[in-house]
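All remarks here apply to the structure that follows.
Computed from heavy atoms alone, side chains included, the values below leave out hydrogens, waters and symmetry copies.
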Number of protein chains: 2
Amino acid sequence: MSKPLPLLTAPAPERRDAARNREALLRAAAELIEGCDVRAVTMEAVAAKAGVGKGTVFRRFGSREGLMAALLNHSETAWQASVLSGPPPLGPGAPPMERLIAFGESRMRTHLQQGALIEAAGRTWGDNYAVIGFATMHLRYLLRELGVSGDLTYLATALLAPLSLPVLQQQLGFDGMSEERVLAGWQDLVDRIVGS
Amino acid sequence: MSKPLPLLTAPAPERRDAARNREALLRAAAELIEGCDVRAVTMEAVAAKAGVGKGTVFRRFGSREGLMAALLNHSETAWQASVLSGPPPLGPGAPPMERLIAFGESRMRTHLQQGALIEAAGRTWGDNYAVIGFATMHLRYLLRELGVSGDLTYLATALLAPLSLPVLQQQLGFDGMSEERVLAGWQDLVDRIVGS
DNA sequence: AATAGAAACGGACCACGGTCCGTTTCGACA
DNA sequence: TGTCGAAACGGACCGTGGTCCGTTTCTATT
């Protein structure tokens, strides 16, 4: 008699040792990064500190960038939660425009704070659709709430783009802008797009 | 008697063999890249094809990313020339708004076309102020011509950001937009910023 | 408790980017 | 043309990210 094969293949549960190792690796990486330059932390060091072999690190996270992205995922998830159900003005409850401004400021602060890690995660993080996708969706939602008309998906990506780390770094570094000026600039941009 | 030491240290002229090797390396790299995936081209292969040692490659270009950036510099320089003194509507002669639209389209096309190389050049290219700086300046100039008021430097960077490769890739890939839609979206963004 | 097979492990191994330093080449000046 | 110091050369060498595959560990099933 054949098994009742599920129509939708289950998400493949994780073996207990695998879960333990993932946990240990994330903790080890976090501890090593704290106090050292991220770039100086080698994969072998992380593996050693977690008490596993190097192969295991790559099995779990695919690449160095993958490990860094996994670290970022923790704070990203928390951030998403505070956007979806945290206190206003970032979370629900405040008027859309206030939420929008809070969103921009929060994103900018987060990106700058985690700059080194974001760079270390490279494309694995930057191309992470679960991240970009969420922010775009939320922005799109706020724009709709504000009654903006037009291609909201495009406008959302266009509003998100200047909040990306490389752009912020250029503005603060090369262009010599202050954080306040960058923030004010973004708010002005919002006004122009929304049409105040 | 002491030499007439120049007040401004001269740009340190390049020895003839050095110049020849740089040339040979750039040509070799270009030829290897043409037809292969950029990522499959190793530095040693470039050095071998150019008939020099590996050390020379790194002496000249600093890193793999540096070599890729140097390749991009050729087309970038040509592009800058066509913006500054090429035929309208990209070059001077057309009304500012038309130049602006042409600028956006041209930049988008260029970035998409050279995507692989840009990725291979990484931060060495992306953080290249000679590149970002030129585009920002020009955008700033056009905005001024259009009589836009406000923080033109910020607006220029904000207008440039959605034309960056990662954003374009997200829009065309994950968001499933067509190139036409992306272009139309950017033009709409311009209209909102300029205030039509 | 025994078994079997799938999943995970670990560390030797590989490839490539990047460095180092002894040797060679250039060109300025006599 | 000879000399000399600076600059460039080249390839052996190193470290690290990433792979491979024989061994170990888990867990479903009886």
Side-chain angles (χ1 to χ4, degrees), chain A residues 1-6 9-26 28-29 32-33 36-71 119-124, chain B residues 1-6 9-26 28-29 32-33 36-71 119-124:
Chain A
M1 176 182 179
S2 65
K3 280 184 180 179
L5 22 103
T9 33
E14 194 175 43
R15 246 168 66 170
R16 208 168 295 146
D17 53 348
R20 219 172 330 120
N21 282 339
R22 142 172 300 129
E23 205 65 24
L25 282 166
L26 284 175
L32 282 180
I33 282 169
C36 285
D37 184 351
V38 185
R39 289 167 292 185
V41 176
T42 78
M43 296 301 269
E44 228 161 345
V46 175
K49 174 134 193 166
V52 305
K54 194 173 29 158
T56 301
V57 189
F58 285 92
R59 159 177 295 269
R60 286 274 83 81
F61 299 102
S63 67
R64 177 189 176 79
E65 293 191 347
L67 173 60
M68 302 306 179
L71 284 175
E119 283 179 358
R123 295 157 192 54
T124 306
Chain B
M1 178 183 177
S2 66
K3 281 184 181 179
L5 23 103
T9 32
E14 196 176 41
R15 245 168 64 170
R16 210 169 291 145
D17 52 348
R20 220 171 331 121
N21 282 338
R22 142 173 300 129
E23 205 64 25
L25 282 166
L26 285 174
L32 282 180
I33 282 169
C36 284
D37 184 351
V38 185
R39 288 167 294 185
V41 176
T42 77
M43 296 301 270
E44 230 161 344
V46 174
K49 175 135 193 164
V52 304
K54 192 167 40 152
T56 300
V57 189
F58 286 92
R59 159 178 294 268
R60 284 274 85 78
F61 299 102
S63 68
R64 177 189 177 79
E65 293 191 347
L67 174 60
M68 302 306 179
L71 284 177
E119 283 179 357
R123 294 156 192 52
T124 305

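Positionally, the nearest nucleotide of DNA chain C for B/Gly62 lies more toward the 5' end than for the other of B/Gly62 and B/Asp17. The residue among B/Gly53 and A/Ser63 whose nearest nucleotide of DNA chain D is located toward the 5' end is B/Gly53.
The distance from atom CD of B/Glu65 to atom P of C/dC16 is 17 Å, rounded to the nearest whole Å. We find that CD of A/Glu14 is positioned 13 Å from P of C/dA7, with the value rounded to whole Å. Protein atom CZ of B/Phe58 is 17 Å distant from nucleotide atom P of D/dC14, rounded to whole Å. In this structure, A/Arg123 places its CZ atom 16 Å from P of D/dG17, rounding to the nearest Å. Between the CG atom of B/Leu25 and the P atom of D/dA8 there is a distance of 14 Å, given to the nearest Å. Atom CG in A/Asn21 sits about 17 Å away from atom P in D/dT24, given to the nearest Å. The CG-C1' distance, from A/Leu32 to D/dT16, rounds to 15 Å in whole Å.
Of the residues in residues 41-52 of chain A, those with a non-hydrogen atom less than 4.0 angstrom from any atom of DNA chain C are A/Val52.
Among D/dG17, C/dA8, D/dC9, the nucleotide with an atom closest to any side-chain atom of B/Ala18 is D/dC9. With C/dA8, C/dG18, C/dG11 as the candidates, the nucleotide lying closest to the side chain of A/Lys54 is C/dG11.
The nearest pair of heavy atoms linking A/Thr124 to A/Gly66 is CG2-CA, 3.9 Å. For B/Arg123 against A/Glu119, the heavy-atom pair with the smallest separation is NH2-O, 3.0 Å. The shortest heavy-atom contact between A/Leu32 and A/Cys36 is O-CB, 3.4 Å. Residues A/Val38 and A/Arg64 come closest through the heavy atom pair O-NH2, 3.1 Å.
Pairs of residues two or more places apart, or lying in two chains, that qualify as side chain to side chain donor-acceptor pair (under 3.5 Å) and include a residue from residues 17-26 of chain A are A/Glu14-A/Arg22, A/Arg15-A/Asp17.
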Between the protein and nucleotides 2-7 of chain D, which nitrogen or oxygen pairs come in under 3.5 angstrom?
{"residue": "D/dA7", "atom": "N3", "partner": "B/Arg15", "partner atom": "NH1", "Å": "2.9"}

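With sequence neighbours left out, the side-chain hydrogen bond (donor to acceptor under 3.5 Å, both in side chains) criterion links A/Arg60 to no other residue. Every side chain to side chain contact (heavy atoms under 4.5 Å, CB included) that A/Ala121 has, sequence neighbours left out, goes to A/Met68, A/Ala69, A/Leu72, A/Trp125. Partners of B/Arg16 according to the salt bridge (charged side-chain N to carboxylate O under 4.0 Å, His left out) rule, which considers only residues two or more places apart in sequence or in another chain, do not exist here.
In this structure, A/Leu25 CG and A/Arg59 CZ are separated by 12.5 Å, a value rounded to the nearest 0.5 Å.
In this structure, B/Thr56 does not reach the D/dA8 phosphate: none of its side-chain N or O atoms is under 4.0 Å from OP1 or OP2.
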